[in-house]
Amino acid sequence: MAGMREKVNLLGMTRQKLEEFFLSMGEKPFRASQVVKWIHQFGVSDFDSMTNISMALRARLRELAVIEAPTIVRQQRSADGTRKWLLELAGGGRVEMVLIPEKGRATLCVSSQVGCALDCSFCSTARQGFNRNLDGAEIIGQLWLANQALGRDPRGDRIISNVVLMGMGEPLLNFDPVVDAMELMMDDLAYGLSKRRVTISTAGVVPALKRLRGRSEASLAVSLHAPDDALRNRLIPLNRKYPLAMLLDACREYVAGDGKRVVTFEYVMLKGVNDSEEQAEALARLLRGVPSKVNLIPFNPFPGSRYRSSSPETIGRFSEILQERGIVTIVRRTRGGDIDAACGQLVGRVQDRTRRTSAQIREAC
Ligand code: SAH
């Protein structure tokens, strides 16, 4: 419509993009630093609170721009302290984010897509298929909202110390918005998280992983789940396109040149599927030469899931075999299971419940 330009959302803009925005308005680029601080350090969403900016410029900003995050639809809290928020996006899609408090730190698990296209057989997000990518504002908006909801600790520090892109979606299939959001997470004027505290998790989109090196310093986690291509093809269809040899090469490259960096390999423990001693040995052989750490994740069930978790004894033995072969291995404790906030359980369930009958769910298996 004539004269009714759509306003731009400043929430998802990196400092550099904000500088370009201010230059395009005929303003000095240093305004970007001021506004980044207001938005991300102080959690401000109205231009009138930006007191080091002239009234005239504030008025222009009000005309041209907004600072807008998704809306919180529901909050849940697990008996173990884990919290989950259901968020509604403009246009109607829904995603979830999860906060996992631990001793000395709190990790926010952020979503990057509504649904997911990868169709991994053990993941409930796969059931809803792919809907759309989140934009940069919707991704960083999760951290912005969570920080607001949590406030600060008694020392005045923020509660959230780590962010993992391990929620709904495949972050490397939503490259630019994810990279921008991670840049803000690590920008000293925004959240100032160190590169060790921002982790992107991928099922193995190899070309995007190669691009990521050079674009971001974020830590890398890879969902491996199988020590050989035949099994991995069944669990993660994407493996047919980018088989293990290619994936592990890209992983090696990602951490090359920095002796301290490792790739975290996630391995969900599926009873009778990928949890034998032979498979543990094969996994150790596979990871030889890749600076790595392994996270064993007990399988989290969801309605209609066809797998079961390996027993604690089997997981313990699997872990021992890896450690005997020199691989640092951690068994991840399942958190938030009582509110469906654990790995692989995020679905935007409110929508889901109303839409799906149990017959449809059975059919999907
Ligand atoms: N698509 C990215 C980001 C999702 S991260 C990726 O695959 O890495 C979510 C993590 O939870 C992945 O490691 C995924 O494999 C794991 N996961 C999925 N479903 C699970 C389930 N039911 N139980 C335990 N872990 C699961």
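Just so you know, ligand 1 is whichever comes first in the structure, and atom 1 is the first atom listed for that ligand.
- Under a 4.0 Å N-O distance rule, the pair Glu102/Arg105 qualifies as a salt bridge.
- At a threshold of 4.5 Å between non-hydrogen side-chain atoms, the residues Leu165 and Met182 count as touching.
- Looking at Arg31 and Glu19, no side-chain N of the basic residue comes within less than 4.0 Å of a carboxylate O on the acidic one, giving no salt bridge.
- Checked against side-chain contact (heavy atoms from CB on, under 4.5 Å), Thr314 has the following partners two or more places apart in sequence or in another chain: Asp275, Ser310, Ser311.
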Below 3.5 Å only, please: the N or O atoms of ligand 1 paired with protein N or O atoms, distance on each line.
from     : atom 1 : to     : atom 2 : distance (Å)
ligand 1 : 1 (N)  : Gly169 : O      : 3.1
ligand 1 : 1 (N)  : Glu170 : OE1    : 3.0
ligand 1 : 7 (O)  : Ser223 : OG     : 3.2
ligand 1 : 8 (O)  : Ser201 : OG     : 2.6
ligand 1 : 8 (O)  : Thr202 : N      : 3.4
ligand 1 : 8 (O)  : Ser223 : OG     : 2.6
ligand 1 : 13 (O) : Ser223 : OG     : 2.7
ligand 1 : 13 (O) : Glu266 : OE2    : 3.1
ligand 1 : 15 (O) : His225 : NE2    : 2.5
ligand 1 : 19 (N) : Phe122 : O      : 3.3
ligand 1 : 22 (N) : Phe122 : O      : 2.9
ligand 1 : 22 (N) : Asn300 : O      : 2.9
ligand 1 : 23 (N) : Asn300 : N      : 2.9
ligand 1 : 23 (N) : Cys343 : O      : 3.3

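- A search for ring pair (Phe, Tyr, Trp, His ring centres under 6.0 Å) contacts involving Phe130 returns nothing, not counting sequence neighbours.
- Residues passing the ring pair (Phe, Tyr, Trp, His ring centres under 6.0 Å) test with Phe265: none are found, sequence neighbours excluded.
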